[in-house]
Amino acid sequence: MQVDHIAARSYHARRGPIDNAFTYGADYILVDPEAPVRAPFLFGRNRPGLMALHDVDHGGQPGRGVGAGWLRRMLALQGIEIPGLHFLLLTQPRVLGHVFNPVSFWFCLDGDGVLRAVLAEVTNTFGDRHSYLCVKPDLAPITRSDRLHARKIFHVSPFQEIGGIYGFRFDLAPDRVGVWIDFRQGEQGLYATLTGRRQPLGQGAILRAAARLGSRRVLALIHWQALKLVLKGARYRTRPEPPLQEVTR
């Protein structure tokens with residue numbers, strides 16, 4: 001299985017009395033997490049590498065994950081049966097041994113490669129994780145124009161309350177990936193996008209990701225935006241206990 005590299009652009013725009021918007025780049029990979037990978041030497045699969053993907057980082061709590069087997073169990077518990085089920089995982093890899101993923105996406109495809117479900121694996125900066133399962137009631141194919149909804153029950157930003165509704169859109173094409181998230185809570189909310197072209201992962205892309213410091217840079221940007229919100233007068237909310245269930249449908 002080829003590992004695809006996505007030099008993604010991420011846009012975030014806050015709604016409400018305190019505006020804030022920004023765009024930044026991030027390195028993502030798209031890979032079948034259950035297949036042997038074909039990738040450059042600098043990429044490690046469950047082994048050290050300048051860039052790497054480890055099962056312990058996904059499918060369960062951060063650092064204690066078990067990979068795709070966890071998702072298969074979660075789908076079974078939800079009564080979801082997809083003939084020929086296989087996955088593509090869109091995520092930021094470990095770079096220089098470090099990883100932090102605000103959100104990763106498990107694309108669930110049937111035997112014909114048709115998208116039937118998506119699990120958004122959300123991790124906050126406090127080390128908590130919760131996942132939202134996006135699926136149509138009849139397991140019909142998910143197209144680029146479909147909008148799937150989930151009620152927010154997990155604390156992500158300390159500058160937003162828990163509540164409101166996420167609206168998700170997904171585009172998984174042979175040459176590109178796109179995710180659009182429209183979060184609304186009354187007159188407040190957030191609009192976020194993640195888009196990029198799919199290209200085979202090469203040594204050059206790995207070296208450039210390392211030069212950008214991977215998720216260390218992402219964390220620095222998150223804290224920089226948090227500081228800007230504080231200076232603009234945004235109210236800080238303390239972390240509540242995360243939900244007991246791992247997945248919300």
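The line from NE2 of His5 to CZ of Arg197 is 14.0 Å long, rounded to the nearest 0.5 Å. Atoms CG and CH2, from Leu88 and Trp106 in turn, are 10.5 Å apart once rounded to the nearest 0.5 Å. With values rounded to the nearest 0.5 angstrom, Gln203 atom CD is found 10.5 Å from Met51 atom CE. The NE2 atom of His58 sits 6.0 Å away from the CD atom of Glu121 when rounded to the nearest 0.5 Å. Ile153 CD1 to Ile162 CD1: the interatomic distance, rounded to the nearest 0.5 Å, is 8.5 Å. Here CG of Asp27 is found 12.0 Å from OG1 of Thr91. Values are rounded to the nearest 0.5 Å.
Put simply, the side chain of Arg217 reaches to within 4.5 Å of the side chain of Tyr24, judged on heavy atoms. Side-chain atoms of Arg249 and Val135, non-hydrogen and from C-beta on, do get closer than 4.5 Å to each other. Between Arg64 and Val56 the shortest side-chain heavy-atom distance does not fall below 4.5 Å. Side-chain atoms of Thr248 and Ser131, non-hydrogen and from C-beta on, never get closer than 4.5 Å to each other. Two residues are said to be in side-chain contact when any heavy atoms from C-beta on lie closer than 4.5 Å; Thr123 and Val103 fail this criterion. Side chains of Arg72 and Leu75 form no contact here, defined as non-hydrogen atoms less than 4.5 Å apart. Inter-residue side-chain proximity for Asp4 and Gln199 is flagged as unmet; no heavy-atom pair is nearer than 4.5 Å. Taking 4.5 Å as the limit, some side-chain heavy atom of Gln92 sits within range of a side-chain heavy atom of Pro102.
Heavy-atom minimum distance, Arg198 versus Ala173: NH1-O, 2.9 Å. A pairwise comparison of heavy atoms in Gly59 and Arg129 identifies N-NH1, 4.3 Å as the closest pair. For the residue pair Phe100 and Ser215, the shortest heavy atom distance occurs at N-OG, 3.1 Å. Of all the heavy atoms in Leu194 and Ser10, the pair that sits closest is CD1-CB, 4.3 Å. Minimum interatomic distance between Gly189 and Gln160 (heavy atoms only, all atoms of both residues): O-NE2, 3.5 Å. In plain terms, the two heavy atoms of Ala52 and Pro93 that are nearest each other are O-CB, 3.3 Å.
Hydrophobic clustering places Leu85 together with Leu119 (ILVMFWY residues linked when any side-chain heavy atoms are closer than 4.5 Å, directly or through intermediates). Put simply, Trp70 and Ile82 are part of the same group of oily side chains (I, L, V, M, F, W, Y) that touch within less than 4.5 Å, one to the next. With hydrophobic clusters built from ILVMFWY side chains whose heavy atoms lie under 4.5 angstrom apart, Leu219 does not share a cluster with Trp224. Note: the hydrophobic cluster containing Val218 does not contain Ile29 (ILVMFWY, side chain heavy atoms under 4.5 Å, direct or indirect links). Clustering ILVMFWY residues whenever any of their side-chain heavy atoms sit less than 4.5 angstrom apart, transitively, puts Leu148 in the very cluster that holds Leu90.
In terms of modelled atom types and a separation under 3.5 Å, the side chain of Lys136 and the main chain of Ile142 share no donor-acceptor contact. Using a distance-only test at 3.5 Å, with no hydrogens or angles considered, no donor-acceptor pair links the side chain of Asn101 to the main chain of Ser104. When atom types are taken as modelled, the side chain of Asp110 and the backbone of Asp112 share a donor-acceptor pair closer than 3.5 angstrom. Remark: side-chain polar atoms of His86 are not paired, donor with acceptor, to backbone N or O of Gly111 under 3.5 angstrom. A donor-acceptor pair is defined here as one N or O able to donate and one able to accept, closer than 3.5 Å; such a pair exists between the side chain of Arg45 and the backbone of Leu53. Judged by distance alone, the side chain of Arg15 and the main-chain N or O of Phe183 form a donor-acceptor pair under 3.5 Å.
Ring orientation note: the planes of Tyr191 and Tyr11 are nearly perpendicular, at an angle over 60° on the 30°/60° scale.
Shown here is Arg239, whose CZ atom has more than 12 heavy atoms of other residues, nucleotides or ligands within 6.0 Å.
Salt-bridge formation is not detected for the pair Arg169/Asp146: no Lys NZ or Arg NE/NH1/NH2 atom is positioned less than 4.0 Å from an Asp or Glu carboxylate oxygen.
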**Q.** side chain to side chain contact (heavy atoms under 4.5 Å, CB included) evaluation trace for Lys152 with Tyr132
**A.** CA-CA 9 Å; Lys152 180 183 177 182; Tyr132 296 94; 4.0 Å; yes

Q: Run the numbers on Leu77 and Gln245 for side chain to side chain contact (heavy atoms under 4.5 Å, CB included), then give the verdict.
A: CA-CA 12 Å; Leu77 288 172; Gln245 71 268 34; over 6 Å; no

Q: Output, in order, the C-alpha distance, side-chain angles, deciding distance and verdict of side chain to side chain contact (heavy atoms under 4.5 Å, CB included) for Tyr236 and Val230.
A: CA-CA 8 Å; Tyr236 184 92; Val230 169; 5.5 Å; no

(Q) Please determine whether side chain to side chain contact (heavy atoms under 4.5 Å, CB included) holds for the pair Glu161 and Gln185, giving the CA-CA distance in whole Å, both sets of side-chain angles, and the decisive distance to 0.1 Å. (A) CA-CA 9 Å; Glu161 296 179 0; Gln185 186 181 30; 3.8 Å; yes

Q: Mind running side chain to side chain donor-acceptor pair (under 3.5 Å) on Thr193 and Thr195 for me, showing each step along the way?
A: CA-CA 6 Å; Thr193 69; Thr195 57; 5.2 Å; no

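With ring centers used as reference points, Phe126 lies under 6.0 Å from His155. Aromatic ring centroids of Phe41 and Phe43 lie 6.0 Å or more apart.
None of His12, Gln225, Arg14 except one satisfies the side-chain hydrogen bond (donor to acceptor under 3.5 Å, both in side chains) rule with Asn20; the exception is Gln225.
Other members of a hydrophobic cluster containing Ile165 are absent, since no ILVMFWY side chain comes under 4.5 Å of it, directly or through relayed contacts.
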